[in-house]
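Residue numbers begin at 1 in each chain, while the letters A, B, ... track the order of the sequences. Note that the structure is a prediction, hence the values are computed from the model and not measured.
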Amino acid sequence: QYEPLLSEKDQTSVDIGAGDSPLPDDLTRDDLELPELSEPELARHYTRLSQMIYGIDSGPYPLGSCTMKYNPKFTEDVAALPSAAVHPDRSEESIQGTLELLYRLQDYLGRIGGMDAVTLQPPAGAAGEFVGIRVAAAYHEHNGEGHRDEVIIPESAHGTNFATAALGGYDVVSLPSDEDGRVDLDALEAALSENTAALMLTNPNTLGLFERDIEEIADMVHDVGGLLYYDGANLNALLGRARPGDMGFDVMHYNVHKTFATPHGGGGPGAGPVGVVAELEPFLPAPRVREADAETNSGQATYELFDPDHTIGNVHGFQGNWLVLVKAFAYIARLGDEGLTDASAKAVLNANYLASQIEYDVPYGPFHHEFVASAGDQDAADVAKRMLDYGVHPPTTKWPEIVPEALMTEPTEIESKDTLDRLAAAFNAVAQESDEVLEDAPERTTARRIDQTSAARSPRLSWHELAEEDT
Amino acid sequence: QYEPLLSEKDQTSVDIGAGDSPLPDDLTRDDLELPELSEPELARHYTRLSQMIYGIDSGPYPLGSCTMKYNPKFTEDVAALPSAAVHPDRSEESIQGTLELLYRLQDYLGRIGGMDAVTLQPPAGAAGEFVGIRVAAAYHEHNGEGHRDEVIIPESAHGTNFATAALGGYDVVSLPSDEDGRVDLDALEAALSENTAALMLTNPNTLGLFERDIEEIADMVHDVGGLLYYDGANLNALLGRARPGDMGFDVMHYNVHKTFATPHGGGGPGAGPVGVVAELEPFLPAPRVREADAETNSGQATYELFDPDHTIGNVHGFQGNWLVLVKAFAYIARLGDEGLTDASAKAVLNANYLASQIEYDVPYGPFHHEFVASAGDQDAADVAKRMLDYGVHPPTTKWPEIVPEALMTEPTEIESKDTLDRLAAAFNAVAQESDEVLEDAPERTTARRIDQTSAARSPRLSWHELAEEDT
Amino acid sequence: MNESDTYTTGSPYAPHTDDGRTAMLEAIGVDSVDELFDIPEAVRFTDGFGIDARSERETRRLVRSVLDRNADLTELLGRGHYGYYIPSLVDHLADRSEFLTSYTQYQPEVSQGFLQALFEYQSLLVELTGLEIANCSMYDAATALGEAATLAERVRSTSGHRVLVPDLLRDGRRSTLENYVAGTDLTVESYPTDDGTVDVDALESTVDEGDDVVMVYAENPTVRGTIEEQLESIGEVADGADALFVLGSDPVALSLLQRPADVGADVVIGDASVLGLPTSYGMGLGLFACREEFLRQVPGRLVGVSEDATDRRAFTLTLQTREQHIRRERATSNICTNQAWVALRTAMHAASLGPNGMVDLAKRGVTRADELAARLDDLDGVQAPVHDRHHIREFVARVDQPAPAIAEDLEKRGFAVHVVGEHEIQVCVAGVPDDDLDDFVAAMTEVVR
Amino acid sequence: MNESDTYTTGSPYAPHTDDGRTAMLEAIGVDSVDELFDIPEAVRFTDGFGIDARSERETRRLVRSVLDRNADLTELLGRGHYGYYIPSLVDHLADRSEFLTSYTQYQPEVSQGFLQALFEYQSLLVELTGLEIANCSMYDAATALGEAATLAERVRSTSGHRVLVPDLLRDGRRSTLENYVAGTDLTVESYPTDDGTVDVDALESTVDEGDDVVMVYAENPTVRGTIEEQLESIGEVADGADALFVLGSDPVALSLLQRPADVGADVVIGDASVLGLPTSYGMGLGLFACREEFLRQVPGRLVGVSEDATDRRAFTLTLQTREQHIRRERATSNICTNQAWVALRTAMHAASLGPNGMVDLAKRGVTRADELAARLDDLDGVQAPVHDRHHIREFVARVDQPAPAIAEDLEKRGFAVHVVGEHEIQVCVAGVPDDDLDDFVAAMTEVVR
């Protein structure tokens with residue numbers, strides 16, 4: 001099923017002559033050449049494109065560390081309310097609804113993470129990490145400890161942690177895992193110093209393992225004057241059973257598109273709110289929302305924006321991905337305590353059940369919401385391609401590297417036993433197959449195996465670069 | 001791609017015991033057994049089912065006489081407005097918006113058809129025909145001509161015409177076509193009598209041919225005291241160029257799901273408003289909408305319901321398919337004169353172009369918005385199945401019977417030259433293929449050729465009738 | 001106007017480029033589109049309709065501004081149209097264009113998804129009614145009642161021509177029935193009710209007025225929200241006269257009340273869109289189920305199971321020889337375009353509720369009606385319910401003041417109720433949130449003061 | 001509460017039956033889910049969050065009631081966020097769950113549709129900017145500006161550390177930029193503008209204050225809606241300093257104004273969501289395009305063309321070795337989750353407009369701004385526009401009375417405008433229908449009286 005590019009359906013060049021232009025010729029471009037198509041043609045184009053995509057509603061999507069949950073349809077409805085469409089430069093008086101929702105979401109997230117203050121500004125998880133790192137930097141700077149120039153990150157951490165620390169100007173100190181797949185306390189001891197700005201940790205970590213020594217780790221980091229950062233990617237494992245704030249974390253981000261079921265949108269938008277302990281609140285991005293002193297005539301609370309005392313300023317032009325935040329608020333308000341806790345329980349149940357049903361080795365445990373199996377002699381990337389042929393989405397592969405040929409698998413709570421059995425059957429069928437079959441996979445997908453090397457060697461990144469024969 | 005029945009995913013039986021029932025035991029049923037599934041499971045179920053359906057946004061859909069137009073997305077938005085959701089028993093004062101829209105739509109349709117009065121009540125084309133027949137009967141009865149018991153219908157007419165006349169208690173007099181595919185005036189002369197209640201006609205007829213003698217036909221029918229009924233199925237051929245009212249028709253129905261682009265919904269709902277000349281207005285179904293004498297304080301017109309003097313009463317519990325009427329109103333208001341006229345022009349252009357590109361014989365002409373090709377030695381039904389393999393929807397087949405192995409083709413105005421060329425290529429490819437290939441077709445569809453005989457011989461019409469081995 | 005309003009010089013949904021059109025005309029061999037029209041000059045129309053074109057945005061604004069004239073009322077109207085909350089899932093999935101824009105499944109090989117959904121809808125109705133056959137949609141309850149009568153005529157035509165319906169019945173329903181039987185020998189007569197439900201003795205007398213009854217129609221619940229207590233007796237009366245027993249109901253009521261098959265019903269009709277559609281000014285979905293023996297006489301579309309060429313299960317429209325496009329004037333009905341998409345929505349809504357949700361919904365219809373009646377009964381000047389019967393969803397209340405004045409006053413306060421007698425109003429709780437019911441009671445308190 | 005509200009005892013989105021759960025626990029070999037949690041007692045949390053569960057309907061009502069506190073204003077605010085009418089097509093197609101719910105295209109074989117849509121989005125930006133490379137999304141204009149600066153550092157790191165931005169700039173934009181460069185040696189400085197556009201001589205002086213400028217940023221149009229007239233000169237100044245010339249703009253402005261490649265721009269950033277998103281409290285879509293020579297230094301995702309095993313054209317994310325998940329601390333950016341779905345919407349909106357529609361939209365932004373300025377200028381007590389420049393979409397007007405009072409008064413009448421000085425307001429016409437502009441002029445007439 002092949003769908004031509006829009007440019008292959010039409011290319012219309014519009015001349016922008018001086019004649020009918022409201023601007024002098026030298027201030028305008030000469031022409032604009034783009035496809036000019038009717039609505040039925042576009043509807044078909046995008047319908048067909050959509051049919052070439054595997055989404056959450058297509059089947060299981062057990063991408064480890066990505067928490068591919070079902071996205072409740074009603075959250076789209078609330079985000080589409082006309083009253084949600086407000087301009088960022090409006091007066092505070094005229095957006096009390098928006099401010100109230102943000103305030104309540106700050107409050108929800110604070111409770112869920114055990115954090116004293118929350119900013120909703122970061123538009124993604126990595127942006128949340130960046131806020132954490134910038135807040136840590138500002139905090140140290142404020143305390144006259146601007147010399148701290150190292151951020152410690154476990155080897156198994158998400159790539160964003162390293163990139164974020166680097167973007168923040170820090171040297172990255174990489175921390176090996178111990179033989180159990182957790183933080184090696186001796187190695188941590190060795191890594192910590194008066195130059196330590198922060199330790200970034202995911203808990204449970206990317207192997208799905210809870211860092212049992214978290215209290216000791218927190219003490220060690222705090223003892224050298226460092227801050228403990230919680231990467232919220234795996235928060236879905238713990239809802240209602242443990243909170244980063246209670247474990248000694250000073251800063252954390254939440255991935256609302258993971259834990260709180262806002263849609264991934266083919267890569268985004270997400271949102272990465274950041275929670276901090278009280279000590280760090282003055283450094284959060286500006287502005288934040290708080291209750292104002294005044295009430296409305298009918299006794300309702302009113303809300304206002306304010307700049308934290310030592311704010312790092314903006315990390316986004318405005319207040320982040322507002323529409324995503326509306327969906328996250330709706331999800332949390334729908335589930336409440338019991339629903340959130342149950343979601344985690346069933347996410348963990350599902351991961352453990354699936355692991356019990358597959359024939360690949362799962363070297364570490366006990367794991368929570370995800371596990372990392374090893375494809376052993378098989379190439380994990382090939383395994384993934386072959387799983388596509390069984391109509392399921394494969395797990396994340398080849399990472400973390402601590403497990404050879406890793407198959408990092410997170411089914412989330414939304415899968416039924418039947419679906420997990422189907423997924424296990426796919427794993428197990430592929431486990432029996434030969435390397436030749438795997439290398440030829442996938443064969444039942446829209447596109448067969450795609451050549452990555454040639455794509456990167458001679459990049460063609462727009463239709464302008466396609467010669468006639470490509471079309 | 002196979003999707004289990006809901007009942008194969010779960011069956012939960014709920015006991016309705018006296019214990020927690022608010023009603024005495026003997027007034028309740030014992031239990032209810034149905035699937036109990038979660039939202040993610042349902043979302044996947046219906047998403048997968050949708051993926052096994054060819055719709056307008058999938059590609060060309062040239063079903064003759066069905067006018068499969070693109071359904072503009074925005075019309076769904078207006079029908080979904082909360083203010084459109086009103087109860088049928090509300091007071092007239094509280095639904096002035098609904099009444100105004102209906103009134104304006106009555107007016108639009110009257111102008112488009114050249115009719116003096118319009119009822120919007122019939123929920124489908126066949127229901128519109130039934131109103132026409134009932135109105136004719138009431139009219140004749142009112143004039144002391146209740147003896148008229150025959151309705152004349154050309155052989156090539158839609159099956160609903162015959163069934164409707166029969167439902168109305170009329171004897172059907174079948175009218176053969178002349179060698180040009182049009183009404184045979186001699187045969188008509190022979191068929192007409194003092195017992196003629198009406199002649200039902202489609203114009204252009206199902207061959208896409210304009211009944212050039214329409215004025216004479218009208219005179220002949222009127223001369224014997226009969227009424228002339230216009231089947232609106234093919235109105236898309238004439239918008240802005242000819243009006244049934246001007247041709248001498250006394251009654252007509254409009255298929256808004258054909259001509260005015262409301263979605264077909266897999267079979268419905270549609271709407272079949274009926275227009276009549278002034279003489280027949282008193283017999284229309286009740287209630288209708290008219291402007292009231294009073295105005296609002298701000299000078300707006302107000303609207304009221306009224307019963308025509310000699311109304312036939314209801315043909316639907318309320319006012320038909322309201323939400324469909326909203327969409328039709330929006331479509332007409334969007335296109336206006338120019339758009340409607342252009343739609344017809346391009347529908348006719350497309351049909352003629354497509355016919356010029358296919359290798360099958362097209363025996364009659366000149367046609368308008370549709371043409372009927374002959375599959376010749378091939379079986380038209382097999383041709384259709386094979387066309388599915390080329391990723392296009394086939395035309396209507398085996399009808400009208402005047403063309404052997406008919407391929408009744410109506411591309412509508414929404415297809416581009418490229419799409420028509422693709423469609424023609426499919427026709428022409430199939431034209432070259434052997435009977436064996438055709439009989440084996442389709443082979444690239446979700447289901448292969450389906451056995452109709454066994455389905456009808458031992459009907460299994462619910463999941464209750466499926467034995468274990470069927471599942 | 002807005003600068004993003006776009007206007008076209010023709011249909012915005014026709015994709016033709018100038019070059020394309022020229023090439024097409026050339027291929028056809030004509031100079032202009034006008035040449036393709038074979039319309040005698042005498043009947044040509046050139047005046048224009050006088051309808052202005054609008055941009056998409058302007059059209060949306062127009063419709064919104066017109067519909068905004070509808071008052072924002074809390075509807076306590078019921079009678080087959082309820083404001084049950086429809087899960088968002090239903091809109092999102094039913095609006096997928098594959099469902100919304102496809103045609104009747106004459107090519108089942110590319111329509112399996114819709115056919116399966118309709119098969120599941122049929123199965124839902126079979127479970128609810130206990131009857132073996134359900135078609136996959138009629139227009140609404142009134143037309144389904146009409147179709148039931150023509151079915152009765154076909155299967156009982158030797159025995160007579162009288163169709164009996166209760167005197168408590170919506171006008172539109174009876175009037176539609178009369179139109180459906182106008183072309184037959186059937187006549188429609190009413191039989192009496194007593195205190196809101198069927199008076200079985202009186203029904204028996206009515207039947208006995210001749211030996212020619214072909215159909216007895218009753219409803220459960222009735223239009224007044226009362227629950228029929230003598231369904232079996234009604235069935236026996238019909239049976240005794242060799243007439244079809246046709247029962248009117250709906251999917252929510254059927255989830256709790258007696259199963260039609262258990263009380264001898266031969267046909268069940270009703271409006272299934274109580275699930276799946278918001279109140280839509282009477283737009284509906286005709287429920288039609290019947291005994292297996294009437295299989296070849298059923299009106300409307302039926303989806304059945306078959307196999308494809310690879311012996312895999314497949315769905316298809318079946319028994320099409322009953323239908324107008326094949327059988328023409330000998331068809332079991334003239335229905336063609338139906339309400340398939342509404343049936344899809346109803347099936348989705350029912351599936352979202354599941355059996356527990358459906359039973360609960362019905363039970364709460366009983367308890368909440370009881371509760372509201374009791375609260376109204378507590379008011380001076382109101383007695384409720386009027387009928388000494390069990391109720392579901394709605395009930396009639398007596399008011400000391402003139403009912404029309406009460407209703408008018410309530411409407412000013414934002415509530416719509418029925419006037420059913422000089423001193424009687426009818427009130428429905430279904431789909432109305434608790435806080436709105438509280439507000440209603442408060443308004444009633446004011447109004448009857 | 002409504003009788004169709006459904007409550008669950010846990011997550012409504014987890015499908016587990018009791019039987020299923022039991023079987024799963026058995027297969028795992030534990031007695032309860034609790035046993036699966038390996039959390040030391042000391043850090044266990046058992047208190048509950050104190051967040052109540054709600055039915056779907058109640059949740060919708062809650063959000064609606066909260067958001068209803070937002071005032072219903074006609075927004076004349078602009079500055080990168082406009083209320084352009086978005087064709088209904090965009091919502092309906094982008095909301096298809098395959099687009100909405102899928103993840104980043106790490107398995108391109110089952111993501112061809114999204115990849116193609118993003119490739120088409122990239123192509124749109126390449127056409128608009130004239131630059132060879134566009135990535136497939138950043139968060140917004142501010143973060144894209146920050147990424148441009150870090151790109152400048154990477155490719156010009158030998159030459160210096162100064163980043164120059166105009167003194168007319170949104171606060172959020174500059175502040176974000178400063179955060180992005182906080183971890184580098186770069187410093188941000190302002191250069192002067194004159195009457196609403198760049199003062200090129202002053203810019204040159206600022207550059208000359210050191211030989212260490214790595215990037216010069218300018219905008220077209222500016223935050224005041226003025227059209228920059230000396231882009232080539234600015235580019236030459238940047239070039240002369242061996243600095244990157246980074247231009248801020250957006251897809252609508254780019255449809256009409258000088259093509260960035262033609263005036264020497266090395267990078268174009270901006271907010272592309274001016275098409276595709278309604279005003280969404282600042283939610284955006286970072287546009288990022290640059291010259292081919294920076295290919296290996298581009299931040300963010302890139303979709304390229306390749307072939308599959310059958311030699312058919314196929315799309316894939318490419319050059320991923322620039323990215324954090326592979327390159328970690330040496331990545332070109334830390335961006336991972338991006339704005340792909342917004343890019344899809346933007347591409348759909350642009351495709352709906354087509355080149356004629358896009359050019360028209362931009363032209364009308366010029367003419368309608370001119371017209372409104374003229375109408376305001378006619379009022380006593382108002383002079384507009386303040387800047388002697390060409391404008392697009394928005395302009396600054398001088399008011400004799402204090403601007404804050406004027407704005408407050410306008411807001412009471414339903415209009416939101418900017419206060420940009422003691423006696424200056426800024427007004428935007430984009431997306432505001434003609435009749436609303438008429439009302440605005442009428443309100444202004446009252447307000448300045």
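- Residue contact with chain B, scored on non-hydrogen atoms closer than 4.5 Å, involves the backbone and the side chain of C:Leu77 alike.
- Proximity to chain C (any heavy atom under 4.5 Å) is restricted, for B:Leu81, to the side chain, taken from C-beta onward.
- If you measure heavy-atom distances from C:Thr318 to chain B, the contacts under 4.5 Å come from the side chain alone.
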For this session: With ring-ring contact (aromatic ring centres under 6.0 Å, His included) as the test, would you mind laying out the steps for C:His81 and B:Phe318 before giving the verdict?
Result: CA-CA 11 Å; C:His81 294 267; B:Phe318 303 93; 4.9 Å; yes
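- Looking at C:Met358, only its side chain comes within 4.5 Å of chain B, counting heavy atoms on both sides.
- Taking 4.0 Å as the cut-off between side-chain N and carboxylate O, C:Asp38 and B:Arg212 count as a salt-bridged pair.
- In this structure, chain B has heavy atoms under 4.5 Å from both the backbone and the side chain of C:Ser255.
- Residue contact with chain B, scored on non-hydrogen atoms closer than 4.5 Å, involves the backbone and the side chain of C:Glu229 alike.
- Heavy atoms of C:His418 lying under 4.5 Å from chain B belong exclusively to its side chain.
- When heavy atoms are compared at a cutoff of 4.5 Å, B:Ala345 approaches chain C by way of both its backbone and its side chain.
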For this session: Decide side chain to side chain contact (heavy atoms under 4.5 Å, CB included) for B:Phe210 and C:Val43; before the verdict, give the C-alpha distance in whole Å, the side-chain angles of both, and the deciding distance to 0.1 Å.
Result: CA-CA 11 Å; B:Phe210 195 88; C:Val43 297; 4.0 Å; yes
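- Between C:Tyr13 and B:Tyr70, the ring planes lie tilted relative to each other; the angle falls in the 30° to 60° range.
- Heavy atoms closer than 4.5 Å to chain C are found in the side chain of B:His368, but not in its backbone.
- Of the residues listed (C:Thr184, C:Asn334, C:Asn179), the one engaging B:Leu167 in a side-chain contact (heavy atoms from CB on, under 4.5 Å) is C:Asn334, and it is the only one.
- For the atom pair NZ (B:Lys69) and OG (C:Ser11), the distance works out to 7.0 Å, reported to the nearest 0.5 Å.
- Both the backbone and the side chain of C:Arg60 come within contact range of chain B, judged by heavy atoms closer than 4.5 Å.
- Neither the backbone nor the side chain of C:Asp91 comes within less than 4.5 Å of any heavy atom in chain B.
- At a 4.5 Å heavy-atom cutoff, C:Thr17 makes no contact with chain B through either its backbone or its side chain.
- A pairwise comparison of heavy atoms in B:His316 and C:Gly282 identifies CE1-O, 3.3 Å as the closest pair.
- Using a 4.5 Å cut-off between heavy atoms, C:Gln339 touches chain B through backbone and side chain atoms alike.
- Contact check on B:Asp30 versus C:Arg259 returns no salt bridge, with no Lys/Arg side-chain nitrogen under 4.0 Å from an Asp/Glu carboxylate oxygen.
- Checked by atom type, the side-chain pair C:Asn70/B:Thr98 shows a donor-acceptor distance below 3.5 Å.
- Both the backbone and the side chain of C:Phe315 come within less than 4.5 Å of a heavy atom in chain B.
- Proximity to chain C involves both the backbone and the side chain of B:Ser83, based on heavy atoms less than 4.5 angstrom apart.
- Summarising the local packing, CG of C:Asp171 is surrounded by 12 or fewer heavy atoms from other residues, nucleotides or ligands at distances under 6.0 Å.
- In this structure, the side chain of B:Tyr61 engages the main chain of C:Tyr103 through a donor-acceptor pair within 3.5 Å.
- Looking at B:Ala80, neither its backbone nor its side chain comes within 4.5 Å of chain C, counting heavy atoms on both sides.
- When heavy atoms are compared at a cutoff of 4.5 Å, C:Leu93 approaches chain B solely by way of its side chain, counted from C-beta outward.
- Heavy-atom distances place the side chain of B:Gln357, and not its backbone, under 4.5 Å from chain C.
- Residue contact with chain B, scored on non-hydrogen atoms closer than 4.5 Å, involves the side chain of C:Ala331 exclusively.
- Ion pairing of B:Glu413 with C:Arg21 is absent here, as no side-chain N (NZ or NE/NH1/NH2) approaches a carboxylate O to less than 4.0 Å.
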Exercise. What do the steps show when you test B:Arg460 against C:Glu307 for salt bridge (charged side-chain N to carboxylate O under 4.0 Å, His left out), and what is the final call?
Worked result: CA-CA 12 Å; B:Arg460 290 171 295 169; C:Glu307 287 79 38; 3.1 Å; yes
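- Residue contact with chain C, scored on non-hydrogen atoms closer than 4.5 Å, involves the backbone and the side chain of B:Arg449 alike.
- In this structure, chain B has heavy atoms under 4.5 Å from both the backbone and the side chain of C:Leu257.
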